[in-house]
Amino acid sequence: MARSPLTLAASVTAALPGAGVVGVGLLTENGAGRFDSAVARLDDGREVVVRTPADDDSAGELAAESRALHALTPGVRALLPFRVPEVLGEAGSGAARVLVVDRLEGYRVDPAHLPQGSGFATAIGSALAAVHTLPPSIVRTDGLPVRTPDQVRDDVSRLLDRAEATRRVPDVLIERWRRAVDSDDLWRFESAVVLGGATSASFLLSEDDTATVTGLLDWGGLSVGDPATDLRWLASAPIAADDVYAGYTADASRAPDALLRERARMYAELEFVRWLVHGHDNGRPEVVTDAVALLESLADGVRGDEIVPEARPDVDAALSYAHLIPESAPTSVDTSMQTDAYDPQMMSLFLAAERDRQTAASAPDFGLDGLREPEEQSTAPIDMEGWSSLRESDATGRDPQEQPAPADAPARVDDTVSDDEDLRDEAQRATRAALRRWGAGGDDTRVGQGT
């Protein structure tokens, strides 16, 4: 039986020894009958909220709420842009537990009544992003649940096993959810601090100048897990869902989560499964009947629709996360000739020959331009007799033993050959002279470097 406000007011004095209660009133907070709650006014002017569990099941929820609020130290609360209830006192345990917290101002909106637009919807999305940005260490330090993506995936798989064992879930839904569980892409997300069961009614709102979130209640599910669990309630707020997601992604500081909405949608559908399993395990046929009706209606509505789309997210979805990607310098691109016909060894030979050609073109001119290229012929022995006779030549370069031909003698083929030999001899002398000059200069240079 529900406790009266006067009974709850008496509980305040047990949780806050020495406090005087001067007024009390009912508190309507959409608790679905899980708690007996009241607002009490103290003699020092403060207003507090007193809450006790309605049954043994809700006793665990109230204990989790108390534990989570104690984990939110002043340093953690300073990271949030809104207020969080502070535990003022508590007493008892189990179904007799009494929890007293300070009262926060603001009003609440059910998901079905949340308006669309850049107002409360975007403000709630931004507030959720702030919660998911909290350091996971605050959860680990206090021993609260921590789940990795693989563990979350396994939890869903086990839930489906239990639901399938009841033989009351339509096959089309079981197959649809199994395909989602088997999709690796769906479970690529970064675990974060989550509320576990928040809805739009968990947020306290104010509209003084702009629509803002002033406070957040319902911390009993505080843990580390899938951020999509805090967005599953958007299935009940279809007209505001896009704006909530817009506010969330605008302030999110984690890695982009391409299939966040798809997982949130799946979790919303699995709430019917949890309701079915709860009724089946507790022997409540009326709950089972209600859950089966909900599941059959869901099966008709999603027939032929997959949770995980076959195509990747479109460009607009990717660009919505562009502000989270750090800037980086463009990487160099190899623009070499990566073709089947390209042979690096042949190319290196060509480049070497080209360098030799350029070197030859820039070499000094020793008067050899008039020389003709010798005709290709087989290699013949070299006659060295002519080289020794050079020392005996006169100043004109002519051999003394050679007799000049008469002026009126007819031209012979040997004369042409002799002219060519003269040119070669002259070129050889010029080359030797240049080498002697270079050698003399090189010696001077080497002497200078040695000192």
- Message: Checking Ile138 against Leu134 for the side-chain contact (heavy atoms from CB on, under 4.5 Å) test, could you report, in this order, the C-alpha distance in whole Å, the side-chain angles of both residues, the deciding distance, and whether it holds?
- Response: CA-CA 8 Å; Ile138 68 173; Leu134 290 175; 4.1 Å; yes
- Task: Take Leu160 and Leu270 through the test side-chain contact (heavy atoms from CB on, under 4.5 Å) and record every step on the way to the result.
- Result: CA-CA 9 Å; Leu160 293 180; Leu270 291 177; 3.9 Å; yes
- Query: Please walk me through it: do Arg261 and Asp242 pass salt bridge (Lys or Arg N to Asp or Glu O under 4.0 Å)?
  - Reply: CA-CA 10 Å; Arg261 298 187 70 160; Asp242 289 341; 2.9 Å; yes
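- Residues Pro136 and Ser191 are not in side-chain contact: their nearest non-hydrogen atoms beyond the backbone lie 4.5 Å or more apart.
- The pair Arg178-Asp171 does not count as a salt bridge, with every side-chain nitrogen at least 4.0 angstrom from each carboxylate oxygen.
- Pairing each heavy atom of Gly106 with each of Thr214, the nearest pair is CA-OG1, 4.3 Å.
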- Would you sort out whether Asp257 and Arg263 count as a salt bridge (Lys or Arg N to Asp or Glu O under 4.0 Å), showing the intermediate values? CA-CA 10 Å; Asp257 189 347; Arg263 291 198 312 279; 2.5 Å; yes
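- The closest side-chain heavy-atom distance from Leu216 to Leu204 is not below 4.5 Å.
- Between the Trp187 side chain and the Ala180 main chain, a donor and an acceptor come within less than 3.5 Å of each other.
- Of the residues Ile124, Val244, Thr199, the one that meets the side-chain contact (heavy atoms from CB on, under 4.5 Å) test with Pro111 is Thr199.
- For Asp154 and Arg147, the salt-bridge test fails: no basic side-chain N is under 4.0 Å from an acidic carboxylate O.
- At a threshold of 4.5 Å between non-hydrogen side-chain atoms, the residues Leu8 and Ser37 do not count as touching.
- With hydrogens and angles ignored, the 3.5 Å screen pairs no side-chain donor or acceptor of Glu269 with any backbone N or O of Met266.
- One finds the CZ atom of Phe82 at 6.5 Å from the CZ atom of Phe203 (value rounded to the nearest 0.5 Å).
- From Phe272, atom CZ reaches atom CG of Leu294 across 5.0 Å, with rounding to the nearest 0.5 Å.
- No salt bridge links Glu86 with Arg77; every basic N to acidic carboxylate O contact stays at or beyond 4.0 Å.
- Between Val172 and Glu175 the shortest side-chain heavy-atom distance does not fall below 4.5 Å.
- A salt bridge links Asp281 with Arg162: the closest approach of a Lys/Arg side-chain nitrogen to an acidic carboxylate oxygen falls below 4.0 angstrom.
- The minimum heavy-atom distance between Ser11 and Val50, with the atom names listed, is CB-CG2, 4.5 Å.
- Looking at Ser58 and Asp55, their side chains do bring a donor and an acceptor atom within 3.5 Å of each other.
- Between Arg153 and the choices Asp185, Asp184, Asp226, the salt bridge (charged side-chain N to carboxylate O under 4.0 Å, His left out) rule is met once, by Asp184.
- A salt bridge links Glu61 with Arg34; the closest basic N to acidic carboxylate O contact falls under 4.0 Å.
- Within a 6.0 Å radius of CZ in Arg41, no more than 12 heavy atoms belonging to other residues, nucleotides or ligands are found.
- Side-chain atoms of Asp230 come within 3.5 Å of backbone atoms of Leu195 as a donor-acceptor pair (strictly under, hydrogens ignored).
- Gly215 and Leu104 get closest at one heavy-atom pair: CA-CD1, 4.4 Å.
- Under a 3.5 Å cut-off, the side chain of Ser200 and the backbone N or O of Val109 do form a donor-acceptor pair.
- Between Val48 and Val101 there is no side-chain heavy-atom pair separated by less than 4.5 Å.
- Atom OG of Ser126 is separated from atom CG of Asp251 by 3.5 Å, given to the nearest 0.5 angstrom.
- Taking CD from Glu190 and OG1 from Thr148, the interatomic distance works out to 13.0 Å, rounded to the nearest 0.5 Å.
- Between Arg67 and Asp142 no salt bridge is recorded (no basic side-chain N to carboxylate O distance below 4.0 Å).
- Considering every non-hydrogen atom in both Pro85 and Trp219, the closest pair reads CD-NE1, 4.2 Å.
- Looking only at distances, no side-chain donor or acceptor of Thr7 sits under 3.5 Å from a matching main-chain atom of Pro5.
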- Evaluate the criterion side-chain contact (heavy atoms from CB on, under 4.5 Å) for residue pair Ile307 and Leu259; output intermediate values, then yes/no. CA-CA 10 Å; Ile307 293 176; Leu259 297 178; over 6 Å; no
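- Using a 4.0 Å cut-off between a side-chain N of Lys or Arg and a carboxylate O of Asp or Glu, Asp161 and Arg158 do not qualify as a salt bridge.
- With Arg103 contributing its side chain and Arg46 its backbone, the two residues share no donor-acceptor pair below 3.5 Å.
- Between the side chain of Thr249 and the main chain of Tyr245, a donor-acceptor pair closer than 3.5 Å is present.
- If you check the side chains of Trp275 and Asp290, you find a donor sitting under 3.5 Å from an acceptor.
- Here Glu262 does not pair with Arg265 in a salt bridge; the nearest charged N to carboxylate O distance is not below 4.0 Å.
- The closest side-chain donor-acceptor pair between His70 and Glu90 falls under 3.5 angstrom.
- In this structure, the side chain of Arg284 does not engage the main chain of Gly279 through any donor-acceptor pair within 3.5 Å.
- Thr141 places a side-chain N or O within donor-acceptor distance of the main-chain N or O of Ser137, the cut-off being under 3.5 Å.
- Contact between Ala95 and Ala59 at its shortest, heavy atoms only, is N-CB, 3.8 Å.
- With hydrogens and angles left out, the side-chain atoms of Thr122 and Asp243 include no donor and acceptor closer than 3.5 Å.
- Side-chain contact check for Val287 versus Asn282: every heavy-atom pair is 4.5 Å or farther apart.
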- Task: In sequence, state the C-alpha distance, the side-chain angles, and the governing distance for Val302 and Arg176, and then conclude on side-chain contact (heavy atoms from CB on, under 4.5 Å).
- Result: CA-CA 9 Å; Val302 301; Arg176 180 172 183 268; 3.9 Å; yes
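- Between Leu42 and Val12 there is a side-chain heavy-atom pair separated by less than 4.5 Å.
- Nearest heavy-atom pair across Ala40 and Val21 is CB-CG1, 4.2 Å.
- Looking at heavy atoms from C-beta onward, Val193 lies in side-chain contact with Leu222 at the 4.5 angstrom threshold.
- With hydrogens and angles ignored, the 3.5 Å screen pairs no side-chain donor or acceptor of Arg51 with any backbone N or O of Val100.
- Under the 4.0 Å criterion applied to side-chain N and carboxylate O atoms, Asp102 and Arg83 are assigned as salt-bridge partners.
- Counting non-hydrogen atoms of neighbouring residues, nucleotides and ligands closer than 6.0 angstrom, the NE2 atom of His113 reaches no more than 12 such neighbours.
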